Amino acid sequence: MIDLYSFQRWPDIVKSFGRSGSYTPSWSAARKQSIAGDADWWNAISPAYRWMMGEMEHKGMPRPDPDAAPLWAWARWVDSKGRAHTRPDRRYPGFRNQYDGLELLHLRVDESRVLCTDFDQYHCVINHWPCAPLDANTWPPAEYDRWLDGHWDDPAEKKRLQYRENAIVDPAHLPDRWIQACVWTIAPHDVVDIRPACGKPDTMVSHG
């Protein structure tokens, strides 16, 4: 089992629990809400979301229905002193004012239901950059620069394999880095704890 923390609108999830006994985010609803707020943002990020969904299916987690979208959560985060944590702290600058109006859900789910990815490495997916191994931060700068120069123009298929190898992490052996997690569906028994919302209501779609 793995502990995850997700900022969500709890009343919406409760309604879904009452209707169907579970909650799965909607791709069409996320798209509609995001485009209403920032169409350029959605157009830029949606291919990386689709990559995430494809990798979930590749891992053996089939999309439960054609409109399903991943539920985003945090598995690890690292403070300014390099210490790794699980539950997000809203006082930390990386979380402060980022999820106003959303409850923080503590989830505990089976690892087989989760795709974990390194948050920093995921930016390579978003920006279509080559994705070096996780230990690249220990390389001498010149070596890392040579690696980037040699892989910058890699074809899309090669980058896709890089992303699978270097952005996805084993949920049973998480590194002390910022790690995000995706699951398709949650049920009431997955919810361990709920922390109340803070700040003004969020007007953007929740994805983590």
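Worth knowing before you read on, the calculation uses all heavy atoms, side chains too, and leaves out hydrogens, waters and symmetry mates. For reference, positions follow the sequence shown, starting with 1. Being a predicted model, the structure only gives us computed values, none of them experimental.
Residues meeting the salt bridge (charged side-chain N to carboxylate O under 4.0 Å, His left out) test with R195, sequence neighbours left out: D193. Here D170 pairs with A172, H173 under the side-chain contact (heavy atoms from CB on, under 4.5 Å) rule; sequence neighbours left out. Listed by chain and residue number, W77 satisfy the ring pair (Phe, Tyr, Trp, His ring centres under 6.0 Å) test with Y92 (two or more places apart in sequence, or in another chain). Remark: T117 pairs with W51, M52, L115, I168, Q180 by the side-chain contact (heavy atoms from CB on, under 4.5 Å) rule, at least two apart or across chains. By the salt bridge (charged side-chain N to carboxylate O under 4.0 Å, His left out) test, R108 pairs with D3, sequence neighbours left out. Every residue was checked against the side chain to side chain donor-acceptor pair (under 3.5 Å) condition with R19, not counting sequence neighbours, and none meets it. In this structure D145 satisfies the side chain to side chain donor-acceptor pair (under 3.5 Å) test with no other residue, sequence neighbours excluded. With sequence neighbours excluded, the residues forming a side chain to side chain donor-acceptor pair (under 3.5 Å) with R177 are D118, listed by chain and number. The side chain to side chain donor-acceptor pair (under 3.5 Å) test applied to T86 returns no partner, not counting sequence neighbours. With sequence neighbours excluded, no residue forms a salt bridge (charged side-chain N to carboxylate O under 4.0 Å, His left out) with D65. Residues meeting the salt bridge (charged side-chain N to carboxylate O under 4.0 Å, His left out) test with R164, sequence neighbours left out: E55.
Summarising the geometry of E103 relative to P11, their closest heavy-atom pair is OE1-CD, 3.9 Å, with the distance given to 0.1 Å. For G94 against Q98, the heavy-atom pair with the smallest separation is O-CG, 3.5 Å. In this structure, T24 and A69 approach most closely via the heavy-atom pair CG2-O, 4.3 Å. The two atoms that bring D154 and K159 nearest to each other are O-CE, 3.4 Å, heavy atoms only. Nearest heavy-atom pair across P64 and T185 is CG-OG1, 4.0 Å. Nearest heavy-atom pair, R90 versus L102, reported as atom, atom and distance to 0.1 Å: NH2-O, 2.7 Å.
Surrounding CZ of R63 are more than 12 heavy atoms belonging to other residues, nucleotides or ligands, all under 6.0 Å away. Counting heavy-atom neighbours within 6.0 Å of R96 CZ, excluding the residue itself, gives a total above 12.
The structure places OG of S26 at 3.5 Å from CG of D67, a figure rounded to the nearest 0.5 Å. If you take CZ on R113 and NZ on K59, they are separated by 11.5 Å, rounding to the nearest 0.5 Å. Within the model, atoms CZ of F17 and CH2 of W10 stand 4.5 Å from one another, a figure rounded to the nearest 0.5 Å. Taking OH of Y23 as the reference point, atom CZ of R9 lies at 8.5 Å (rounded to 0.5 Å). For the atom pair NE2 (H106) and CG (D190), the distance works out to 11.0 Å, reported to the nearest 0.5 Å. Between atom SG of residue C116 and atom CG of residue L174 there is a gap of 5.0 Å, rounded to the nearest 0.5 Å.
Here the side chain of S22 pairs no donor or acceptor atom with the backbone of A187 at under 3.5 angstrom. At distances below 3.5 Å, at least one donor-acceptor pair connects side-chain atoms of W178 with backbone N or O atoms of V78.
Cluster membership check: V192 does not share its hydrophobic cluster with I2, using side-chain heavy-atom separations under 4.5 Å among Ile, Leu, Val, Met, Phe, Trp and Tyr. A continuous path of Ile, Leu, Val, Met, Phe, Trp and Tyr side chains, each step under 4.5 Å between heavy atoms, connects Y144 with W152, placing both in one hydrophobic cluster. Both W41 and M53 belong to a common hydrophobic cluster when Ile, Leu, Val, Met, Phe, Trp and Tyr are linked at side-chain heavy-atom distances under 4.5 angstrom. One hydrophobic cluster, built from ILVMFWY side chains closer than 4.5 Å, holds both I194 and L71.
Proximity of F7 to P88: side-chain heavy atoms (C-beta onward) are separated by under 4.5 Å at one or more points.
Taking the charged nitrogens against the carboxylate oxygens, R91 and D89 do have a contact shorter than 4.0 Å, which makes a salt bridge. The residues E157 and R160 are annotated as salt-bridged, a charged nitrogen and a carboxylate oxygen being separated by less than 4.0 angstrom.
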ask   = Are I13 and V191 close enough, and set up right, to give a side-chain contact (heavy atoms from CB on, under 4.5 Å), and what steps lead you there?
value = CA-CA 11 Å; I13 295 177; V191 181; 5.9 Å; no

task = Take W184 and W27, measure what ring pair (Phe, Tyr, Trp, His ring centres under 6.0 Å) needs, and give me the verdict at the end.
result = CA-CA 11 Å; W184 287 119; W27 179 264; 9.6 Å; no

For residues 119-135, tabulate all N or O donor-acceptor pairs below 3.5 Å that involve a side-chain atom, not counting sequence neighbours.
residue, atom, partner, partner atom, Å
Q121, NE2, A132, O, 2.8
Q121, NE2, N166, O, 2.9
Y122, OH, A48, O, 3.1
H123, ND1, F119, O, 3.0
N127, ND2, H123, O, 2.8

